[in-house]
J.: 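My questions all concern the structure below.
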Amino acid sequence: MDQFKAQIFAVIHQIPFGKVATYGQIAKMAGYPGYARHVGKALGSLPEGSRLPWYRVINGKGEISLKGDSFLRQRSILMEEGVEFSVKGRVRLKEFGWQP
DNA sequence: TCTATGACGCTAC
DNA sequence: GGTAGCGCCATAG
């Protein structure tokens, strides 16, 4: 499980500036396909001061899965990186999705 | 053990 | 394209 976290974090750390990746994508690249929920779980337990770019992680629809305050923080950071949001609050994965 | 839950994904309609 | 349903798997109670 710690190994899982380590892999997940390593992958997230590789997401380039101005790009985003989905939970499932990250789990898959870390070698744990089907563990999308656990990625979210791991991120949910992150300390606030973490240097991990957790804000570049979104769900498969291109939406931010958070609510309230955290949601606003994540959205503003992404916008500062140049990521555009549609009217529905969605990211265009075609354009900003991280595809190694 | 059993059940509920979660920052999710995929398929079918 | 939007929604609904089912699958996924570790953890907590």
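Model, not experiment: these values are computed from the prediction. Here is the naming used below: chain letters follow the sequence lines, and residue numbers restart at 1 for every chain.
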J.: To the nearest Å, how far apart are A:I64 CD1 and B:dC8 P?
T.: 12 Å
J.: Between B:dG9, B:dA7, C:dG2, which one does the side chain of A:R90 approach most closely?
T.: C:dG2
J.: Consider the side chain of A:K41, meaning its heavy atoms from C-beta on, and name the nucleotide among C:dG2, B:dA7, C:dT11 that approaches it most closely.
T.: C:dT11
J.: Can we say A:K19 and A:E81 salt-bridge, meaning some charged N sits less than 4.0 Å from an Asp/Glu carboxylate O?
T.: no
J.: Starting the side chain at C-beta, find the nucleotide from B:dA7, C:dC9, C:dG2 nearest to A:K88.
T.: C:dG2
J.: What is the separation between atom CZ on A:F71 and atom P on B:dA7, rounded to the nearest whole Å?
T.: 15 Å
J.: What is the minimum heavy-atom distance between A:G60 and A:L93, and which atoms define it?
T.: O-CD1, 3.5 Å
J.: Aromatic rings A:F4 and A:Y35: how do their planes relate, parallel, tilted or perpendicular, breaks at 30° and 60°?
T.: tilted
J.: A:Q25 CD to B:dG9 P: how many Å, rounded?
T.: 10 Å
J.: Expressed as a whole number of angstroms, how long is the span from A:I8:CD1 to B:dA7:C1'?
T.: 13 Å
J.: For A:R92 and C:dG1, what is the distance between atoms CZ and P respectively, to the nearest whole Å?
T.: 12 Å
J.: Using atom NZ of A:K28 as one end and atom P of B:dC10 as the other, report the distance to the nearest whole Å.
T.: 8 Å
J.: When the distance from CZ of A:F4 to P of B:dG6 is rounded to whole Å, what number comes out?
T.: 18 Å
J.: Categorize A:G60 for me: base, sugar-phosphate, or nothing, with a 4.0 angstrom heavy-atom threshold over every strand shown.
T.: sugar-phosphate
J.: Quick one: A:I26 CD1 to B:dC8 C1', roughly how many Å, whole number?
T.: 12 Å
J.: Look at A:S70 and B:dA7 and indicate whether a side-chain polar atom (N or O) is within less than 4.0 Å of OP1 or OP2.
T.: no
J.: Please determine if a side-chain N or O atom of A:Y35 lies less than 4.0 Å away from the OP1 or OP2 oxygen of C:dC8.
T.: no
J.: Should A:I12 and A:W54 count as side-chain neighbours, where that means a heavy-atom distance under 4.5 Å?
T.: no
J.: Using atom C1' in both nucleotides, what's the gap between C:dC8 and B:dT5 to the nearest angstrom?
T.: 13 Å
J.: Please tell me which of the listed nucleotides, C:dA10, C:dG7, C:dG1, lies nearest to the side chain of A:R37?
T.: C:dG7
J.: Looking only at side-chain atoms of A:Q74, point me to the closest of C:dG2, B:dG9, B:dA7.
T.: B:dA7
J.: Between A:Q3 and A:Y32, is any pair of side-chain heavy atoms under 4.5 Å apart?
T.: yes
